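Take a look at the structure below.
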Amino acid sequence: IEDFTRLIEINPATEDVFKNRGIAKDELGDYKGAIEDYTSAIEINPEDHLNFFFRGNTKYKLNNYEDALEDLTKTIELNPKSSLALYDRAGIKKILDDNKGAIQDYTSAIEINPTFANAYFKRGDLSSDLEDYASAIEDFSKVIVIDPNYQNIYFYRGNAKYNLDDNKSAIADYEIAIEKNPVHSDTYFNLGSCRENLGDLKGAIKEWRKAAELGDEDAKAIIQKYE
């Protein structure tokens, strides 16, 4: 930061120095200082989409969602092919309860970058929240094609299948999820619920017991009923 400051003192009209000092301040948690530097960079060059992108993301860290949305929208106006800006704006729209707008932005990000696993996941997760489980399964399946080791993706797809009463298929996903992450208590709990739905109470109790061992309080409460 001191080096950037000396460069600014030598030449106050250097956009990149303000931008880079802003990035350095952001990394150190000086978000207000970072915003000031990004703003100075914007004043020098209002056509650089990165200045708006960085400032918008820093405003997001300060929970200033409306202003962050405005900066990311400006980023997209200047660079319509920025899948990252669309992805980040979608996240803010979701926070602001604009779910339709969020899905549209995730979709646009995917159209620009068809291997954007995080965008598929976030769109699928939002679809699950909106109880559009079929769309969620489609997106989670796409994530698996792109990255089979994406964190807990089989758990999320299993949940969507469970919510569609497709217990057998959900069990298959939960079992893979456990292979990949054997200490995720929620997977065992949901797997137990699937087995119960299929009439396998003994198998359900076994899964709930494992969830309880991993600290799941709901599983502990259920186990007590059968002991």
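Since the model is a prediction, treat every value here as computed from it, not as a measurement.
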TODO: Please answer: with hydrophobic residues joined when any side-chain heavy atoms are less than 4.5 Å apart, are Phe54 and Ile35 in the same cluster?
DONE: no
Open item on the list: For Phe155 and His184, take the angle between the two ring planes, folded into 0 to 90°, and tell me which bin it lands in: parallel under 30, tilted 30 to 60, perpendicular over 60.
Closed with: perpendicular
Open item on the list: Just so I know, are the side chains of Tyr188 and Ser193 near enough to count as touching, which here means a heavy-atom distance under 4.5 Å?
Closed with: no
TODO: Dump the intermediate steps for salt bridge (charged side-chain N to carboxylate O under 4.0 Å, His left out) on Arg55 and Asp67, then the final yes or no.
DONE: CA-CA 9 Å; Arg55 190 175 71 173; Asp67 284 351; over 6 Å; no
- [ ] Go through Asn152 and Asp186 one step at a time and tell me if the side chain to side chain contact (heavy atoms under 4.5 Å, CB included) criterion holds.
- [x] CA-CA 11 Å; Asn152 292 330; Asp186 287 348; over 6 Å; no
- [ ] Would you kindly say whether Tyr120 and Asn118 are connected by a side-chain donor-acceptor distance under 3.5 Å?
- [x] no
Open item on the list: What verdict does the side chain to side chain contact (heavy atoms under 4.5 Å, CB included) test give for Phe189 and Ile222, after you've listed the backbone C-alpha separation in whole Å, the side-chain angles of each residue and the deciding distance to 0.1 Å?
Closed with: CA-CA 10 Å; Phe189 184 90; Ile222 291 175; 3.6 Å; yes
TODO: Would you confirm whether Asp216, through its side chain, and Ala219, through its main-chain N or O, come within 3.5 Å as a donor-acceptor pair?
DONE: yes
- [ ] Run the numbers on Asn181 and Gln151 for side chain to side chain donor-acceptor pair (under 3.5 Å), then give the verdict.
- [x] CA-CA 9 Å; Asn181 183 3; Gln151 187 174 18; over 6 Å; no
Task: Smallest separation among heavy atoms of Ile76 and Ala85, with atom names - done: CG1-CB, 3.8 Å
Open item on the list: Contact between Leu84 and Phe53 at the side-chain level, heavy atoms closer than 4.5 Å - yes or no?
Closed with: yes
Task: side chain to side chain donor-acceptor pair (under 3.5 Å) partner of Lys25, chosen from Asp37, Asp30, Asn20 - done: Asp37
TODO: Is it possible for you to say whether Ile178 and Leu198 belong to one hydrophobic cluster, with membership spreading through side-chain heavy-atom contacts below 4.5 Å?
DONE: yes
Task: Side-chain heavy atoms of Asn159 within contact of Tyr174, under 4.5 Å - done: yes
Task: Intermediate values then yes/no, ring-ring contact (aromatic ring centres under 6.0 Å, His included), Tyr38 and Phe18 - done: CA-CA 6 Å; Tyr38 295 141; Phe18 276 110; over 10 Å; no
Open item on the list: Quick test of your reading of the model: are Asp129 and Lys94 salt-bridged, counting only N-O distances below 4.0 Å?
Closed with: yes
Task: Residues Glu36 and Lys59 bridged, charged N to O under 4.0 Å - done: no
Task: Side-chain heavy-atom pair Leu78, Phe52 within 4.5 angstrom cut-off - done: yes
Task: Main-chain N/O of Ala109 paired to Ser83 side chain as donor or acceptor, under 3.5 Å - done: no
TODO: Could you walk me through whether Leu96 and Glu66 pass the side chain to side chain contact (heavy atoms under 4.5 Å, CB included) test, one step at a time?
DONE: CA-CA 8 Å; Leu96 296 174; Glu66 295 287 354; 4.0 Å; yes
TODO: Measure the shortest side-chain to side-chain distance between Ile153 and Asp147 over non-hydrogen atoms and say whether it is less than 4.5 angstrom.
DONE: no
- [ ] Flag the pair Tyr162 / Asn197 as yes when at least one side-chain heavy-atom distance between them is below 4.5 Å, and no otherwise.
- [x] yes
- [ ] Could you check Tyr150, Phe116, Tyr106, Tyr87 and say which one makes a ring-ring contact (aromatic ring centres under 6.0 Å, His included) with Phe121?
- [x] Tyr150
Open item on the list: What verdict does the salt bridge (charged side-chain N to carboxylate O under 4.0 Å, His left out) test give for Glu175 and Arg195, after you've listed the backbone C-alpha separation in whole Å, the side-chain angles of each residue and the deciding distance to 0.1 Å?
Closed with: CA-CA 12 Å; Glu175 287 177 340; Arg195 296 199 190 283; 3.0 Å; yes
Open item on the list: Tell me if the NZ atom of Lys220 is crowded by more than 12 foreign heavy atoms within 6.0 Å.
Closed with: yes
- [ ] State whether Lys122 and Asp139 are salt-bridged, where the test is any N-O pair (Lys NZ or Arg NE/NH1/NH2 against Asp/Glu carboxylate O) under 4.0 Å.
- [x] no
Task: Side chain to side chain, Ile103 and Lys93, heavy atoms closer than 4.5 Å - done: no
TODO: State, with a plain yes or no, whether a side-chain heavy atom of Phe140 is found less than 4.5 Å away from one of Ser128.
DONE: yes
Task: Between Thr73 and Asp71, a side-chain donor and acceptor under 3.5 Å - done: no
TODO: May I ask you to say whether Lys210 pairs ionically with Glu207, meaning some side-chain N is under 4.0 Å from a carboxylate O?
DONE: no
